[in-house]
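Just so you know, these numbers come straight off a predicted model, no measurement behind them. Atom set for the values below is all heavy atoms of this structure, side chains included, hydrogens, waters and symmetry mates excluded. Numbers restart at 1 for each chain; the letters A, B, ... are given by sequence-line order, proteins then strands.
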There are 2 protein chains.
Amino acid sequence: MSKHTKAKIKDVAELSDVSMMTVSRVLNNDDKVSDKTRKKVMDAAETLNYQPNVSARRLASNKSFFLGLLYDNPSASYVSQFLLGVLKRCRASGYHLVIDEVDENIESTLNSVKDIINVTQVDGMILLPPVCDRREILELLISNKIPFVRVSPDTQINLAPYICMDDYQAAFELTEKLIKLGHKQIAHIIGDIKQGSSRLRYQGYLDALRSNQINIPPQYIEQGSFTYKSGLAAASKLLSLEERPTAIFASNDDMAAATISVAHMKKIDVPDELTVVGFDDTQIATTIWPRISTVRQPIMEMADLATKMLVSGKFDDLSKVKAHNFRHVLDFEIVIRESSRSLVP
Amino acid sequence: MSKHTKAKIKDVAELSDVSMMTVSRVLNNDDKVSDKTRKKVMDAAETLNYQPNVSARRLASNKSFFLGLLYDNPSASYVSQFLLGVLKRCRASGYHLVIDEVDENIESTLNSVKDIINVTQVDGMILLPPVCDRREILELLISNKIPFVRVSPDTQINLAPYICMDDYQAAFELTEKLIKLGHKQIAHIIGDIKQGSSRLRYQGYLDALRSNQINIPPQYIEQGSFTYKSGLAAASKLLSLEERPTAIFASNDDMAAATISVAHMKKIDVPDELTVVGFDDTQIATTIWPRISTVRQPIMEMADLATKMLVSGKFDDLSKVKAHNFRHVLDFEIVIRESSRSLVP
DNA sequence: AAATGTAATGATAGCGTTAACATAGTAAGG
DNA sequence: CCTTACTATGTTAACGCTATCATTACATTT
């Protein structure tokens with residue numbers, strides 16, 4: 001380690017016998033530099049083990065090489081999985097990440113974002129649901145010309161680039177799967193009312209039922225909020241009904257886990273007496289017994305793509321991007337585990 | 001937003017009618033500046049809404065205002081809870097955080113750390129268990145003069161400051177609690193063999209048994225690795241024994257959750273037929289049913305303290321710190337929930 | 001009152017990089 | 001062969017801040 005001092009651009013320039021500026025250009029694979037010179041410089045940088053100084057770079061270029069991530073997502077496993085994906089890609093691209101959790105209070109949230117903009121001067125921002133739908137934040141970012149990518153946004157779809165999966169289709173297919181297993185009494189626990197995904201999943205569920213001519217009583221629909229706790233309350237109601245559902249489709253895994261807990265409490269066997277399915281395939285789906293049948297959401301890929309988009313700089317000037325290039329829909333996959341089975345007559 | 005351009009030190013200096021240097025001193029609440037001047041400058045900074053430029057600061061001062069966090073902890077909930085604590089304190093202190101997950105491979109791990117040192121130039125580093133015991137990494141940090149704080153380290157205790165809780169005492173008390181509930185056949189699932197905490201908890205368990213003159217057969221001890229999966233394997237063995245234990249003490253919550261899963265599979269009622277207790281009080285302890293009785297480890301406080309220590313700069317030069325100031329032991333608390341109950345004869 | 005010490009403040013020179021402009025070098029067009 | 005039009009490289013001046021040393025102002029000692 002640290003044989004002498006860290007190599008600077010000047011050292012590389014001297015060794016490769018060009019000006020500092022040329023070195024800088026090569027390093028930013030910027031302009032037109034002749035191939036010969038480029039190679040010479042690359043080699044020199046290699047031998048000196050040159051590492052650019054992030055601060056100097058930032059100061060001079062007015063770029064920060066920082067990305068921000070904003071979340072107020074209630075599901076810890078969703079967030080941490082997303083984080084991992086972003087982190088990985090950031091590293092590969094020489095960026096760093098500033099993470100921030102925001103809350104209900106719009107004042108303090110706006111202050112957080114202002115702080116990130118002013119102090120950290122991020123080059124871009126990733127917004128997770130549901131914070132990605134907060135109008136004031138979007139406006140703040142736009143007025144400060146901070147590029148951003150939203151994940152599974154609900155409203156103002158044509159405002160900026162975003163990444164999502166087909167929640168509707170996944171919920172539809174998952175529900176049909178339950179129907180094929182013989183279930184007709186399928187209840188649903190809706191997710192966080194603030195998130196579009198909840199509505200889409202709910203709609204997919206409804207449409208699958210309708211297209212199979214299945215009617216369900218209104219008591220089979222419960223409102224949750226994507227938290228384990230809300231799942232407990234919803235499942236308690238569903239499992240106390242006179243005519244108990246034979247299957248429950250919870251809008252995410254946390255609530256599905258809660259449903260299984262309630263079933264345990266009530267001595268209802270899962271899956272023998274009750275099929276439970278979730279959504280997301282987060283960690284909790286496989287750390288309880290029975291493991292939850294669910295929809296695998298490609299969280300890592302979403303994270304990777306979001307980061308890539310920002311790093312590419314292609315979306316820096318929104319006015320130059322056609323709105324139809326905003327949308328990126330990733331594939332899902334239905335994963336069947338032990339929490340679901342065919343209806344026993 | 002951005003009425004004109006961002007205020008710089010020069011602007012503050014002019015407004016408060018002192019030199020830039022004095023402003024800088026006030027901002028870093030550094031040297032001796034007269035209270036009058038200090039106030040003048042503060043007021044000016046306030047009115048101009050001055051925000052220091054991190055990059056310029058870094059470049060000039062050779063400080064980075066970055067902290068690094070290194071983990072290879074198998075428990076996601078432990079890590080993310082820790083993260084939250086660090087993040088919060090970092091923000092309060094004007095620092096930013098660079099997170100890195102490392103793996104078994106010592107080569108790639110060392111490269112990660114070198115990268116963090118060279119590129120990000122962190123001012124300090126927090127090491128979670130078990131990576132905090134990897135000798136090569138400690139040596140690398142020391143030789144590069146990067147201050148670091150370790151969390152629950154196992155070896156080389158007098159090398160550098162660290163934070164921990166009394167794992168031994170907690171395990172002892174928890175085991176005694178089980179004994180007081182009438183249990184005599186208490187099994188234990190040991191944690192990750194690489195972590196000192198595992199050994200301390202195991203020892204506390206053994207000593208509590210001994211001090212109550214309870215003998216347990218060797219089959220009652222299973223080796224796990226702090227993962228849910230390892231808990232499944234261990235619990236399967238324990239619950240297949242001829243003479244089944246009436247209580248199982250798993251060395252963390254993930255493995256306790258796994259134990260409860262296995263009990264479910266085998267139709268063994270928890271807590272009526274089997275008491276299960278865990279350790280850590282991470283999220284999973286309350287997102288399954290029955291909720292797990294466990295030891296609350298003060299993760300947030302640990303995170304907060306670790307960050308504070310690094311930010312304070314008091315540990316920058318280890319040679320100036322007395323070794324007996326290295327140790328910070330935080331309090332634990334035993335939390336009784338539904339997974340444990342008194343033995344039914 | 002002079003000498004010395006100390007606390008508060010100021011002037012200057014970078015930190016390592018890139019933006020912006022300047023120049024040299026080369027190819028093509030007349 | 002001399003313009004014109006690039007293309008590849010170099011020069012200079014920031015970027016915003018702090019370290020270092022110099023200076024001033026004032027208190028204390030002799």
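Atoms CD1 (I9(B)) and P (dG16(D)) sit 11 Å apart, rounded to a whole Å. Nucleotide dA7(C) holds its C1' atom 13 Å from the CG atom of D35(B), rounded to whole Å. Rounding to whole angstrom units, CZ of residue R25(A) and P of dT17(C) are separated by 15 Å. Between M20(A) atom CE and dG10(D) atom P there is a gap of 12 Å when expressed in whole angstrom units. The distance from atom NZ of K8(B) to atom P of dT18(D) is 15 Å, rounded to the nearest whole Å. As rounded to whole Å, 15 Å separates atom C1' of dT7(D) from atom NZ of K36(A). Between the CG atom of L27(A) and the C1' atom of dA19(C) there is a distance of 16 Å, rounded to whole Å. Between E14(A) atom CD and dG10(D) atom P the separation is 13 Å, expressed in whole Å.
Contact check, R57(B) against dT18(D): a side-chain N or O comes under 4.0 Å of OP1 or OP2. Distances shown here put a side-chain N or O of S34(B) below 4.0 Å from the OP1 or OP2 atom of dT9(C). One finds no side-chain N or O of N53(B) lying less than 4.0 angstrom from the OP1 or OP2 phosphate oxygen of dC15(D). For the OP1/OP2 pair of dT18(C) and a distance below 4.0 Å, the side-chain nitrogens and oxygens of S61(A) include no atom meeting the criterion. Note on S24(B): a side-chain N or O is less than 4.0 Å away from OP1 or OP2 of dT18(D).
Of the candidates dT17(C), dG16(D), dG10(C), the closest approach to any side-chain atom of P52(A) belongs to dT17(C).
Donor-acceptor pairing under 3.5 Å is recorded for the side chains of R58(B) and S55(A). Inspection of the S19(A) and T22(A) side chains reveals an N or O donor paired with an N or O acceptor under 3.5 Å.
The side-chain heavy atoms of D103(A) and S108(A), taken from C-beta on, include a pair separated by under 4.5 Å. Taking the side chain as every heavy atom from C-beta outward, I142(A) and L159(A) approach each other to under 4.5 Å.
The 5' end of DNA chain C is approached more closely, in terms of each residue's nearest nucleotide, by A56(B) than by the other of A56(B) and M21(A). Position along DNA chain C of the nearest nucleotide to A60(B) versus D17(B) favours D17(B) as the more 5'-ward residue.
Residue side chain R58(A) does not reach the base of dG16(D) through any donor-acceptor N/O pair under 3.5 Å, judged by distance alone.
Using bins of under 30°, 30° to 60° and over 60° for the plane-to-plane angle, the ring pair F315(B)/H328(B) lands in the perpendicular bin.
Among the heavy atoms of the strands lying under 4.0 Å from T37(B) are primed sugar atoms or P, OP1, OP2 only; no base atom is included.
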